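First up is the structure itself, then whatever we jot down about it.
Computed from heavy atoms alone, side chains included, the values below leave out hydrogens, waters and symmetry copies. What you see is a predicted model; the values in this text were computed from it and never measured. Position 1 is the first residue of the sequence, and the numbers go up from there.
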Amino acid sequence: MNRADPYPRPFFRLPAVAFPHRWREIVDAVAEAVKGDPGARQTAGLLFADAKGALRFVLECMRVRCPQRDEVIIPAYTCYSVPAAVIAAQLRVVLCDVSPETLDFRYAQLAGLAGPRTLAIVAGHLFRSPVDYPALRATAASAGAFLIDDAAQGGDVGTLRECGADARIRSFGRGKPVSAGGGGLLSIADGPLREDTARACARLPDAPLLQSVTEAVSVIAAAVMTHPRLYWLPARLPFLHLGETRYPDAVTTAPGSRFVRALLPRAESAGRVLDSVRREHCRHYRLALSCARGLQPAQHRNPDYAPHRFPIYVRPQVQASCLRSLGRLGVSRMYPGSLNQLRCLEARAVRFKEPMPGAEWLAAHLLTLPTHHRVTADSREIIIRTLRRASP
């Protein structure tokens, strides 16, 4: 077998992200869910069925407190679920451009967008990138707006008090840095908003046991089918939409299941173990690709940077060829377009200044490399060698 391509193409395919749970953890979480207390919703926060439902919920609570405000500022390059949640809460989306250098807001533009109608600013941590909390706090305070920390992809975040955020959203869906197969955790800073959200959450119905069963089956299927010797099969089934970013037409607010709640502590532990593997892969990618012409690894101040996908920037024509040759080794794009390019948002309540050069540049140039525990040294070297060969 060719050393440069040691894997049989038809029956080997690395997923972009992988699910790290062991069978024992899943079985223990199922047992705990069956005998657990269905009313125990609040641990470190309020658990919802997904992060977009949690975002909609907290925005609706904020709107009750500030009914005269109806705009939410979000990054122009972020998950499509974020604008969907804002619109589901019957609020207007305001897009702010992002910087490819920092993956954070362009703060000069952000200051001009925030005003008396701004209900909240949603700050993202794309690929665990940091955000400028002092600038965010100052902008939100000057507009009298809430600050929501979108930590769905993790990030170098402290406590809500340290960051000065009013709320934080974490996601535990498939492919997130910490994954429990689903669920979104909402944390609220001390104050009246926390009391409002606790009362509103208490009025939600309990998640049915069937939801726990369904999610447990889904987690077991993910644990099995993300193995490289099996993933080729679900990857070829179009109705699963694996690797696609789709705009969600419906965003519902529902409590998280007992199964996800039971699996979360185990997911946090597995995520910490997996971070050491991610860190090692990222170190190799950065060292091998930083001096290659036409390739630019995203810069990060933290030497222990361990994102669930390693971001690099390539020319659009190189991006297309790399996806064709390396898609089976987990190399993928992130979001296929910036939000101002998303046609389904054109007829909705969206406001932005044209163009969004930073977000559009990211959509055209960004590639992500796999960093999970299924990535071997051989597959990592094939990715590096192919990228260097494809660059001019």
Would Glu268 and Arg170 pass as an ion pair if we require N to O under 4.0 Å?
yes

Check: Thr386 side chain, Ile383 main-chain N or O, donor-acceptor pair, under 3.5 Å:
no

Using a strict 4.0 Å threshold on nitrogen-to-oxygen distance, state whether Arg63 and Glu60 make a salt bridge.
no

salt_bridge(Arg272, Asp275) N-O dist < 4.0 Å
no

Quick check: is Val30 connected to Phe172 through a chain of hydrophobic side chains (ILVMFWY, heavy atoms under 4.5 Å apart)?
yes

Does Ser212 use its side chain to pair, donor to acceptor, with the backbone of Phe259 at less than 3.5 Å?
yes

Do the two ring centres, one from Tyr285 and one from Phe310, sit under 6.0 Å apart?
yes

Applying salt bridge (charged side-chain N to carboxylate O under 4.0 Å, His left out) to Arg117 and not counting sequence neighbours gives Asp70

For His281 and Leu369, indicate whether the former's side chain and the latter's backbone hold a donor-acceptor pair under 3.5 Å.
no

Are Val17 and Val375 connected in the hydrophobic side-chain network, where two residues link if heavy atoms are under 4.5 Å apart?
no

Output yes when a side-chain donor or acceptor of Asp97 lies under 3.5 Å from a complementary backbone atom of Ala359, and no otherwise.
yes

Go through the steps to decide whether Ile148 and Asp166 satisfy the test side chain to side chain contact (heavy atoms under 4.5 Å, CB included), and finish with yes or no.
CA-CA 6 Å; Ile148 301 175; Asp166 298 286; 6.0 Å; no

For Ala151, is there any backbone N or O sitting under 3.5 Å from a side-chain donor or acceptor partner on Asp149?
no

List the atom pairs, donor and acceptor, that lie under 3.5 Å between side-chain atoms in residues 45-54 and the rest of the protein, sequence neighbours left out.
from, atom 1, to, atom 2, distance (Å)
Asp50, OD1, Gly53, N, 2.7
Asp50, OD2, Lys52, NZ, 3.4

Under the side-chain contact (heavy atoms from CB on, under 4.5 Å) test, residues paired with Pro355 that sit two or more places apart:
Pro357, Glu360

